[in-house]
Amino acid sequence: MIAVLDKLPFAVRFAVVFLLQAAAIGWIVFDRVAILRDGTEIRLQARPVDPRDLFRGEYVTLGFKVSELRPATLNSAEEFEAGERLFVGLQADEEGSWVPVSVAKSLPSGPAGNRRYIAGRVVYAYPSTPVRESDSERPCPDPCTTLAIEYGIESYFVPEGQGKALEAARDDSKVEVLVAVTVTGRAAIKGLIVDGTLRYEEPLL
Amino acid sequence: MLDNLYRKRLIKDLPVWRDKGWVSADGAEHILADLSGGEDQARFPIVLGFLGAVLIAAAAMTFVAANWEEIPRLARLGLLLAGMGVAYGFAVALQRRGYDLLADAAVTAGAAAFGAAIMLVGQIYHIQKDFPAGVALWSLGALIAAVLANSRGALAIAFAGFAFWSFLGAEDPGWIVHWPSLLAIAASTWLAAAWNWPAGRHLAVLALLFWLVATVFALASRYDWSGHATYATLLTSAGLLWAIAHWELRETPLRAWPSYLDTLAPYALAGLLALLLILQLAGDVFPEPVTADEAGRFLNPYILALGLLVASALALVPTIRSGAFTRLDAAVLLLALAVPLAVAFLADRGQFLALSTDPGRSVILAATLIGIAVWLTAYGHRRSSRIAVNLALIAFGAEVLYIYLETFGSLLDTALFFLLGGVLLIALAWFLNRMRGRLTRATDGNEVAP
């Protein structure tokens, strides 16, 4: 196979390398732009914590209220295991924050109405203390399975030096993340809202 | 580098040998001419070229990490793409002028810029922190560049990237064993083998070992293995690999593989010795014995390790046949795996506790390591393997230092252990020397200087 390649002129081979690599990058950009442009905007409450990435500099890790769910409290009888994909149904509450209302292994068909679905993956499932019926929550019988879920929107990259300030904001401010979700449940971050005002807004490109 | 040392030594030795009449004057000249291929002088600028490529790569990475707001992000991405283009353009120009290795350095810089561009896109769109898919894409791009542009530097990036991917992938809850990264490393290994590239062999072996360790650690964290069980599993794996590394495959259809096995041998041996030392530390790091649960799940890693021990025994059979190991060698190696395995198992059952409270465990493990180090020096001398001897000495030294720092209960115990060990070793040396003297006298009747 390598012998066949030897017959190609060098300029062509290098051009192929460049075009393949540039196309790969263009494809990720296009994919992300499509989510941001076509997806429905939802707002999720979050708690930022500041670490640092080896390659991409400072970022905050975002922990969402929907990062931990008890399927039983959402009327789901399905058993979930680590590594499985799931779809969480979200609906806006009176303040405009989106809260979980359902969880299922497959994307529910039929009209979504004012509900939107976000795709996630179970990182781990563990039994936690049972919850009795209350005004806010449905009961979660023993063993009350709790899921830690990842949606791929847990990192927010910020310019050097701004991570700590954002982390400090979580104690005395309400941090929300503006997320775009497509009809298939794919999600991308559109912006960051601190105490109701849009602090960071992400352009498409 | 080593060739250079060898030549310097020959330049010193050859005139002496010529004067003694062992080599002809003509022969001495031919030998020297054969060694100085003239490559050494040309190598310096190429080394500089590669260092330059590495610095440019580091610059691209930190540029991305700085997340500088003054330049719009699309412009930053454009800058990196342009950098890629310039690097590949340079590579073509250098290739045309016949500077193959400098062209290789330029491709390496290009492949690094490709990675920086992926990371920048990940940053712009806040794609998750570890971004395993990004690392995989980068490595794949580097592998393609390596194939198309004959670039060893790009292949090195691919090996490092795929190894990192195996680490990220092993943590992924969706995989029990991350096969995609193993396949990718195998593909890169195939390319390095096709080029017959010596440094590539080392990269391949290291990447495969990295995959193995990442996999065992991932299994350990998922199924709650104890520290003892994890390191015992790795120890028996290292033993199995070292045994396999001695297989004689030169007569078989797998003729390209012996050089890979030769490369694997020192790494597997170093791993084996290091794990024997780590097992002793593991008792201090995880002093709590694991309580046996009803399901007996804590047994699973030990069943696996026992399987690896049996596999090592089977793998030793062909090495005894080919003469790489004697029966005694094989027995010593198996003992060096079986004893720590048993100790680790008993430690988890609560029979042996931490080092400070139970000297039994540490005496057995320390004696095992010192025993295998002594055997290894003998083995290394017999097989004229300098690496085996050196590793044995390093392991011996590390063990002595560890014992001294930890002490068995008291300094007095430590002193007793050293004294006993020292007396035993000197007795062994005296015995071996006598045996050798007797043997050499028997064969040629001459006394040989010791």
Side-chain angles (χ1 to χ4, degrees), chain A residues 1-2 5-6 8-18 20-22 24-29 31-33 35-36 51-59 61-62 81-85 121-124 148 150-162 177 188-190 202-203 205, chain B residues 61-62 64-69 72-74 77 80-81 84-85 87-89 91-92 95-96 103 107 110-111 113-131 133-135 137 140-142 144-145 147-151 154 172-176 191 194-195 222:
Chain A
M1 189 190 128
I2 289 173
L5 289 175
D6 281 339
L8 282 172
F10 281 116
V12 174
R13 283 153 64 171
F14 284 97
V16 169
V17 169
F18 176 74
L20 276 178
Q21 294 187 344
I25 288 162
W27 175 69
I28 319 179
V29 171
D31 181 55
R32 287 283 136 181
V33 167
I35 299 176
L36 290 175
R52 204 171 227 229
D53 183 78
L54 182 62
F55 293 113
R56 289 174 288 167
E58 250 173 82
Y59 69 101
T61 294
L62 302 168
E81 272 175 41
E84 271 182 318
R85 275 174 73 79
R121 215 151 65 122
V122 181
V123 185
Y124 48 86
E150 258 182 14
Y151 301 93
I153 48 170
E154 282 78 8
S155 311
Y156 191 83
F157 293 86
V158 291
E160 200 174 353
Q162 295 185 16
V177 182
I189 296 178
K190 260 191 148 162
E202 303 296 326
L205 285 169
Chain B
M61 299 287 165
T62 39
V64 170
N67 200 347
W68 200 30
E69 288 172 297
R73 42 204 211 171
L74 205 58
L77 187 59
L80 283 174
L81 285 176
M84 259 165 67
Y88 293 137
V92 175
Q95 183 78 268
R96 285 224 174 106
V107 177
F114 173 56
I118 290 176
M119 292 305 157
L120 181 63
V121 174
Q123 183 191 65
I124 290 175
Y125 294 108
H126 308 286
I127 301 172
Q128 244 181 323
K129 61 176 199 297
D130 284 332
F131 201 15
V135 173
L137 185 66
L140 189 67
I144 290 170
V147 172
L148 283 170
N150 280 334
S151 167
D172 187 323
W175 294 91
I176 293 171
L191 185 62
W195 287 345
R222 183 151 324 155

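By convention in this document, chain letters (A, B, ...) are assigned in the order of the sequence lines, proteins followed by strands, and residues within each chain are numbered from 1. Predicted model only: the values in this text are computed from it and were never measured.
Looking at A/Leu36, the atoms closer than 4.5 Å to chain B (heavy atoms on both sides) all sit in the side chain, from C-beta outward. The part of B/Leu77 that comes within reach of chain A is its side chain, from C-beta onward, which places non-hydrogen atoms under 4.5 angstrom from that chain. Both the backbone and the side chain of B/Leu81 come within contact range of chain A, judged by heavy atoms closer than 4.5 Å. Contact annotation for A/Val12: neither backbone nor side-chain heavy atoms come within less than 4.5 Å of a heavy atom of chain B. Neither the backbone nor the side chain of A/Arg85 has a heavy atom closer than 4.5 Å to any heavy atom of chain B. A/Ala188 does not touch chain B: none of its heavy atoms, backbone or side chain, sits under 4.5 Å away. There is no contact between B/Ala116 and chain A, counting heavy-atom distances below 4.5 Å.
In this structure, a donor-acceptor pair under 3.5 Å is absent between the side chains of A/Tyr59 and B/Gln123.
Atoms CZ and CE, from B/Phe114 and B/Met84 in turn, are 6.5 Å apart once rounded to the nearest 0.5 Å.
Listed for the A/Glu154 side chain is no donor-acceptor partner under 3.5 Å among the backbone atoms of A/Thr61.
Inter-residue side-chain proximity for B/Trp195 and B/Asn150 is flagged as met; some heavy-atom pair is nearer than 4.5 Å. Using a 4.5 Å cut-off on side-chain heavy atoms (C-beta onward), A/Glu84 and A/Arg121 make no contact.
Using the six-membered ring where Trp is involved, B/Tyr88 and A/Phe18 have ring planes that are perpendicular, over 60° apart on the 30 and 60° scheme.
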